[in-house]
Every structure is written in C-alpha cells, then in structure tokens.
Trainee: 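A single structure is presented below for examination.
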Amino acid sequence: MLSVFRRFIKSRFGAVFALLFLGTIAAAFILGDLSSGQFGTSFGGGGTAAKANGYKLTETELQERVQRVFDNARRSDPGLQINDFFTQGGAAQVYDQLVASLALRAFADEQGMHISKRLVDAQIAQIPAFQDAAGNFSQENFRNLLARERLTEKDLRDDISREILQRQLLTPIGMGVRPTDSLVLPYASLLLEARQGTVAAIPAVAFLDDKDPTDAQLADFYKRNADRFTIPEQRRIRYAVVDAERFAQASQPSDAEITAAYSQNKAAYAAKQSRTIEQLVLPTEAAAKAIADKVKGGASLSAAAQGAGLAVATLADQTPAALTTTAGKAAADAAFAAKQGDLVGPVRGPLGWLLLRVTAVKDIPARALASVRDEIVATLRTQKEKQLLADFTGKLEDQIADGGTFEEVVKDNGLKLETSPLLLATGKQVEDQAYVVAPDVQPLLAPAFAMSADDDAQMVPITPDKRYALIAPGEIVAAAPPPLAKVKPIVQAQYKLNAGNDKAKALAEQIRAKVAKGMKLADAIAQAGVKLPAPQTLGGKRADIMRGEQRPPAEIAILFSMAANTVKTLPIGQDRGYFVVQLNAIERGDAKNQPELMAQMRDQLGEVIGQEYGQQFERAVEKHLKVTRNANAVEGVRRALAATTSGDQ
C-alpha cells in the first residue's frame with residue numbers, strides 16, 4: 001500500500017513524464033509492425049528488446065520511441081540532457097510501457113479480441129489536433145500533423161488499435177474500486193496533519209573568497225562542471241511563407257458564381273418568420289389540461305406554472321425548423337398556425353405534454369441579390385482562397401515527396417527564402433537577450449527543432465487556412481559549453497560560490513550535530529563565528545502546502561518526511577548554501593468528521609488502486625505469456641542516444 005501512496009504523491013519527473021507519454025499516445029503511439037525474431041546485440045539494427053507470443057519489440061523501435069519522448073520532453077525543458085533523462089528513469093518508463101502494450105496485444109489476440117476499422121476511425125475523428133475550428137474532422141489538419149510528426153497513417157492506426165485494446169482490457173479491472181473507511185482514514189488524516197519547525201539558512205555568499213582562482217583551477221572546475229554552462233542546441237530555420245493573399249485576385253468570384261450561389265441558397269434569403277414562444281412541459285395530459293384551464297380563466301402561463309411548482313422556458317426567435325428540433329413537428333406546426341398571444345396545447349412532445357404560448361412574431365422580408373451581394377462575395381472569396389491555398393501547399397508537398405529539394409521547390413514556385421538567426425528552442429537568442437522572435441517564426445520552432453539535419457522540408461501552419469510556411473533544417477549548433485574565455489567572469493563567480501557552498505555544507509553539518517545533542521538552533525547559529533540570518537519558524541498543514549500544481553518550498557516539504565524531534569541539513573540548490581531544519585512539533589490530523597475530504601480521498605485512492613490492479617494484471621499477462629525482456633535493452637539505447645543526440649557532453 002505504501003507504493004500506492006508514493007504514486008499518489010507523485011515525483012516531479014513522474015508527473016511530467018505521464019503527461020508527455022499520454023500526449024504521445026494521443027498524437028500517435030508508434031510501435032510499428034511487430035514480428036517474431038531473436039534477441040540481437042547491436043543497436044540501430046533489428047535486435048529484439050522484448051518478445052511475446054511471436055510478437056517482438058525491436059531495439060530500433062525502442063530507440064526511436066525513447067528519442068521521440070525525449071524530444072518532446074526537451075521541447076518543454078530545452079536544457080534537458082539525454083543522460084539526465086535516463087537517470088530520472090524516463091527511458092525505463094518508456095520501455096515498460098512498450099512491453100506492457102506488446103504483452104496486452106498478444107494477450108488480446110490469444111483471447112480473440114480485435115478492433116474494427118470503424119472504431120479506430122471514430123477515435124481519430126475525436127482527437128482535437130485533427131479537428132477544425134468548428135470541431136469537425138479535418139483531413140488537412142490530419143495530413144499536416146502526420147507530416148510534422150513524421151508518422152504514417154498505418155502507424156497511427158496500429159497504435160490507436162493497441163491503445164483501445166489496452167483500455168478495454170484494463171478499464172474493467174479498476175472499475176468500482178471503493179476503499180473502506182479504515183483504509184481511507186489514515187491517508188485523509190495525513191492531509192490534515194500540521195507540522196512546525198525552525199529553519200536556518202547557511203548561505204554560500206557568507207564564505208566567498210576575495211582571492212581569485214588560478215587559471216588551472218578555473219579550467220579544471222569548468223571541465224568538471226561543463227553541463228552547468230552548456231548552451232542548449234541552437235538552430236537557424238530556413239522557411240518560405242505561403243499566404244492566402246497570394247490568391248486574392250484568383251479567388252475573386254465571377255458574376256455567374258455569385259448568381260449561382262444566391263440561387264443555391266434561395267431559402268436562406270427568402271422571406272421568413274420567427275416567433276418567441278413560452279413553453280411548459282408537463283408529465284401527463286391531464287396535468288397539462290389543468291394548467292391550460294387556468295390560463296383560459298385569465299391567469300398567465302407563467303403564473304399558472306409557478307402555482308404548480310413549475311417554470312416556463314422562453315424560446316426566443318424560433319424558426320419552424322428550430323422549434324421542430326426541440327418540441328416536435330406537431331408542436332411547431334401548431335405554434336406557427338396560432339396568433340400572437342394564443343395558447344397552444346396540450347400537444348405531445350419528446351419529453352411530455354407541451355403548452356405553448358406565442359409571445360412575439362417577427363416577419364423578416366426577403367433579401368434581393370443586390371442586398372446580399374457583398375456577403376456572398378466575401379464567402380465565395382474565402383472558400384476559393386482556402387481551396388487554392390490547400391491545392392498549392394499540396395503541390396509543394398508533392399514536389400518534396402517526389403525528391404525536390406527545399407531550394408528547388410522554393411525557386412520553382414516563386415517563394416521568398418528566409419533564414420532566421422541562430423535560435424534556441426524557446427525562440428530566444430544567446431547573444432541578444434532582448435531579441436523577440438518574429439510572429440511567423442514562433443509556430444515553426446517546435447517542428448523545426450524536431451527535425452533531423454537530413455529531413456525533407458515540411459509544410460507547417462502559421463495560421464491555419466490563412467498562412468503556411470515550408471520549412472527545412474538550417475545550421476544546427478549542438479549544445480555545448482562556450483569557450484572558457486568567453487564566460488570567464490561567470491565561471492569565476494560560480495567557482496567562488498561553489499567553494500563557499502562547500503564551506504556552508506561543513507558548517508551546516510556542525511550546527512546540525514550540535515542541535516541533535518540538545519543545543520538550541522538559534523544558539524548554534526549565534527556561535528557559528530560567521531554572520532548568518534536568524535532562524536525562522538515555518539510550517540503548516542500538509543494539505544495547504546501541497547495544494548495545487550506548485551511544489552512547496554523544499555525546506556517546508558522536508559518537515560513532513562522527518563521523525564519527531566530530529567534535525568536535518570538540506571541543500572538550498574545551485575551552490576547557494578544549505579538549510580538546517582529542525583522539526584519542533586507534529587499535530588496529528590483526524591478526518592473522521594470530514595465527510596467531504598473522506599469522499600475526495602476515497603475517489604483519488606480508488607483511482608490509484610485501480611491503476612495498481614491494472615499494473616498487476618499487466619505483470620500477470622507477461623508471466624502467462626512468458627514475455628522475454630532483453631536486460632540490456634535500455635542501457636543499449638542509452639549508449640546509442642548518448643553518442644548521437646546533441647546536447648550531451
């Protein structure tokens with residue numbers, strides 16, 4: 001159960017990775033075609049990372065997936081290094097997820113479970129990234145996203161099929177989990193627990209040495225701490241903008257097209273009438289007749305409804321079609337046959353018996369072609385611009401697919417080639433902190449930094465249906481520390497701070513030892529021989545300091561992992577010194593009389609336990625199918641990516 005609670009209070013990287021991984025599944029959970037094979041030893045080849053019932057996960061597929069997830073993570077954190085990603089367990093999580101997916105697919109086949117094409121189509125249509133502004137599936141958005149992510153439609157369909165299988169197999173296992181009060185109470189009570197402690201800061205700046213380090217010392221420090229000064233990967237983006245205004249003249253509709261559009265939509269421009277209607281829905285015809293009698297006796301429909309404990313709904317500006325949709329054809333016909341002020345009904349409706357009263361009638365005259373010409377012209381121009389733009393961008397993509405180079409396609413189609421300055425993935429410049437990326441370049445950053453140096457050019461939307469850019473990789477400057485001479489003052493300051501941090505650590509340990517033997521923390525600080533900030537009293541309830549997405553300060557959070565009457569040291573971080581933290585008091589919480597908190601914790605704990613059941617089922621499936629794992633798979637991927645991924649020194 002402790003493992004469940006540890007996952008409930010998730011690690012920073014684990015939470016971030018979970019979101020990234022779910023996003024990867026939603027966009028395209030590529031696993032590729034899986035076939036039988038034997039374990040291999042060389043990465044970049046076809047060796048096997050895992051095997052289940054004739055299916056296999058190849059080393060190449062594992063490496064590609066880890067690379068993809070790492071690239072996604074680095075979009076959010078451009079300074080993330082591949083070795084850090086592995087150290088934090090990112091690659092191991094990817095591997096476990098892929099093996100679980102492989103095993104469940106094999107298990108589903110064994111049980112005769114299959115996913116239909118229609119179900120996959122429905123899932124694709126529901127992915128927001130593939131929808132237009134109206135929420136409808138867009139073939140153009142679908143095509144653009146697959147091209148940007150370098151996915152094939154088959155890969156996407158295969159992965160969605162596997163994701164659906166996983167959901168169908170695992171969801172029932174975790175449904176209906178309802179932890180008992182005796183299980184929920186300790187965890188809910190923990191959220192009400194309050195702790196109070198004393199925190200003293202031992203800042204590194206209190207120990208800074210006035211003497212500068214020698215060149216040899218500085219060079220050695222810089223070499224050992226190169227990752228601190230590493231500049232993330234920089235790129236120039238080559239691009240050519242395609243704007244819908246390019247087709248402004250060609251999209252101008254002719255008189256014949258305007259007349260045809262008017263004729264095709266005559267019903268929209270014809271004379272029409274709308275009505276505002278009060279509507280009351282009752283469960284039985286007898287009840288409706290009783291209310292109708294009161295209205296006929298002089299009461300308003302609203303007053304009669306209120307007397308029966310009901311409320312009238314007002315339907316404003318209803319057309320016959322709109323009212324038919326909500327109230328049914330019989331009610332709509334009767335309402336539009338009545339005069340203003342008339343009561344209609346009882347009439348049978350979709351939800352019961354209806355009483356309707358016409359409160360307003362609005363006649364809208366017919367509109368001649370001359371009065372709506374500008375409206376039709378604007379609509380036709382937008383439609384033609386959109387189609388011409390789609391045809392043109394499709395033509396560019398076809399030329400690239402047929403082997404045309406970026407430069408050839410740009411030149412042959414009369415586009416203007418532009419190149420951005422060297423940029424970080426954030427759009428910032430190393431040499432000019434005030435630089436602001438151009439509006440056209442901002443949407444190109446993520447796809448451009450996801451491309452490899454030898455990738456083909458691709459079309460990226462700047463403003464969908466209005467403005468696109470054909471982009472290609474430009475100069476790529478791998479992440480690396482700059483020459484020492486260029487950043488010597490910064491390195492020198494960091495060297496001194498690092499030395500001060502070592503001294504702060506030593507003093508913090510001395511103070512901790514004294515406090516552990518019974519000395520007051522304030523007295524130990526006063527006797528330190530160095531002017532230090534006075535200790536502060538901090539604390540609060542666990543639920544308050546851990547509320548929301550923000551992590552609590554480390555010096556407060558550590559109070560909740562300490563035993564009573566203990567003292568610990570804690571690095572401030574970034575060589576800024578150390579904290580000495582003493583836990584003074586623990587006030588136990590009791591959620592016994594907090595039904596809302598108990599219910600909330602029960603739901604959250606039930607979800608986590610359900611996930612645990614799902615993981616146990618996955619492990620049971622692996623055991624049942626005798627899934628074979630390559631023990632060296634993750635390490636092999638680490639070696640391969642560390643050697644090829646820029647940004648690792």
Side-chain angles (χ1 to χ4, degrees), residues 131-137 253 255-384 386 465:
Q131 296 173 354
D132 58 21
N136 300 316
F137 175 76
D255 289 342
E257 290 173 324
I258 295 169
T259 302
Y262 180 79
S263 298
Q264 291 169 4
N265 294 277
K266 262 187 177 176
Y269 307 119
K272 63 187 70 173
Q273 185 183 87
S274 68
R275 298 190 167 204
T276 298
I277 294 166
E278 289 182 340
Q279 175 183 278
L280 179 63
V281 182
L282 297 111
T284 65
E285 185 177 13
K289 286 181 177 179
I291 296 292
D293 289 341
K294 290 182 180 181
V295 175
K296 290 173 184 177
S300 68
L301 181 59
S302 178
Q306 189 173 3
L310 302 173
V312 168
T314 299
L315 308 177
D317 297 326
Q318 295 291 295
T319 63
L323 189 58
T324 297
T325 301
T326 58
K329 189 174 187 309
D333 290 345
F336 274 84
K339 298 177 182 178
Q340 184 170 335
D342 285 355
L343 179 71
V344 176
V347 181
R348 183 77 186 197
L351 301 177
W353 292 87
L354 305 179
L355 289 176
L356 307 167
R357 193 175 76 85
V358 181
T359 60
V361 176
K362 183 191 294 184
D363 289 313
I364 303 171
R367 293 190 289 169
L369 173 58
S371 67
V372 296
R373 180 183 179 87
D374 290 345
E375 177 184 322
I376 294 174
V377 167
T379 300
L380 290 177
R381 184 189 295 122
T382 299
Q383 291 174 348
K384 293 184 73 174
K386 181 178 178 181
D465 299 331

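Just so it is clear, the model here is predicted, and its values are computed rather than measured.
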Trainee: For I258 and L369, which heavy atoms make the closest approach, and how far apart are they?
Mentor: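 Smallest heavy-atom distance, with atoms named: CG2-CD1, 4.1 Å.
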Trainee: Just jot down the side-chain hydrogen bond (donor to acceptor under 3.5 Å, both in side chains) partners of K386, sequence neighbours excluded, or say none.
Mentor: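 Not a single residue meets the side-chain hydrogen bond (donor to acceptor under 3.5 Å, both in side chains) criterion with K386.
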Trainee: If you look at every heavy atom in A311 and L280, which pair is closest and at what distance?
Mentor: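 Scanning both residues, the minimum pair turns out to be O-CD1, 3.5 Å.
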Trainee: Is there a side-chain contact between V281 and L310, using heavy atoms and a 4.5 Å cut-off?
Mentor: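 In short, these two side chains do not touch, never coming nearer than 4.5 Å.
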Trainee: Determine which pairs satisfy ring pair (Phe, Tyr, Trp, His ring centres under 6.0 Å) with at least one residue from residues 261-312, sequence neighbours left out, and list them in order.
Mentor: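 Output for this query lists Y262-Y269.
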Trainee: Do D465 and T382 have side-chain heavy atoms sitting under 4.5 Å apart?
Mentor: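 Sidechains of T382 and D465: no contact.
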Trainee: Can you run down the salt bridge (charged side-chain N to carboxylate O under 4.0 Å, His left out) pairs that involve residues 312-331, sequence neighbours left out, and say none if there aren't any?
Mentor: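 Of all non-adjacent pairs touching residues 312-331, those that pass salt bridge (charged side-chain N to carboxylate O under 4.0 Å, His left out) are D317-K362, K329-D333.
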Trainee: If you count every heavy atom of other residues, nucleotides or ligands that lies below 6.0 Å from Q306 atom CD, does the total exceed 12?
Mentor: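 12 or below, so no.
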Trainee: Say you draw a straight line from OG1 of T314 to CD of Q279; how long is it, rounded to the nearest 0.5 Å?
Mentor: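 Those atoms lie 10.0 Å apart.
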Trainee: State, to 0.1 Å, how close S300 and A303 come at their nearest heavy-atom pair, and which atoms those are.
Mentor: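 Smallest interatomic distance, heavy atoms only, reads OG-N, 3.0 Å.
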Trainee: Please list, chain by chain and in numerical order, all residues satisfying side chain to side chain contact (heavy atoms under 4.5 Å, CB included) with T379, sequence neighbours excluded.
Mentor: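 Residues passing side chain to side chain contact (heavy atoms under 4.5 Å, CB included) with T379: Q383.
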Trainee: Residues two or more places apart in sequence or in another chain: which of them pass salt bridge (Lys or Arg N to Asp or Glu O under 4.0 Å) with R381?
Mentor: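 Result, salt bridge (Lys or Arg N to Asp or Glu O under 4.0 Å) vs R381: none returned.
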Trainee: Kindly indicate whether the side chain of L356, heavy atoms from C-beta on, has any atom under 4.5 Å from the side chain of L315.
Mentor: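 SC-SC contact between L356 and L315 ruled out.
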Trainee: Write out all pairs satisfying salt bridge (charged side-chain N to carboxylate O under 4.0 Å, His left out) with one or both partners inside residues 268-286, taking only residues at least two apart or from two chains.
Mentor: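 For residues 268-286, and leaving out neighbouring residues, the salt bridge (charged side-chain N to carboxylate O under 4.0 Å, His left out) pairs sorted by first residue read E278-R357, E285-K289.
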Trainee: Test of understanding: with ring-ring contact (aromatic ring centres under 6.0 Å, His included), list the residues that count as partners of F336, not counting sequence neighbours.
Mentor: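 Once residues adjacent in sequence are excluded, F336 has no partner under the ring-ring contact (aromatic ring centres under 6.0 Å, His included) criterion.
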Trainee: Under 3.5 Å, which donor-acceptor pairs do the side chains of residues 337-348 form with other protein atoms, sequence neighbours left out?
Mentor:
{"from": "Q340", "atom 1": "NE2", "to": "T359", "atom 2": "O", "distance (Å)": "3.3"}
{"from": "D342", "atom 1": "OD2", "to": "K339", "atom 2": "N", "distance (Å)": "2.9"}

Trainee: List for me each residue that meets side chain to side chain contact (heavy atoms under 4.5 Å, CB included) alongside A360, sequence neighbours excluded, and say none if there are none.
Mentor: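 Side chain to side chain contact (heavy atoms under 4.5 Å, CB included) check on A360 returns T276.
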Trainee: Which residues satisfy the side chain to side chain contact (heavy atoms under 4.5 Å, CB included) test with A332, sequence neighbours excluded?
Mentor: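 With neighbours one apart ignored, the set is L323, T324.
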Trainee: Grab the two heavy atoms, one from A261 and one from I376, that are nearest each other, plus how far apart they are.
Mentor: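 Answer, listing the atom of A261 first, then I376: CB-CG2, 3.8 Å.
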Trainee: Could you work out, with salt bridge (Lys or Arg N to Asp or Glu O under 4.0 Å) as the rule, every residue matching D255, not counting sequence neighbours?
Mentor: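 R373.
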Trainee: What is the minimum heavy-atom distance between L355 and A288, and which atoms define it?
Mentor: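 Closest pair (atom of L355, atom of A288, distance): CD1-O, 3.4 Å.
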Trainee: With sequence neighbours left out, write down each residue that passes salt bridge (Lys or Arg N to Asp or Glu O under 4.0 Å) with D293, or none if nothing qualifies.
Mentor: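 Scan of D293 (salt bridge (Lys or Arg N to Asp or Glu O under 4.0 Å), adjacent residues dropped) gives none.
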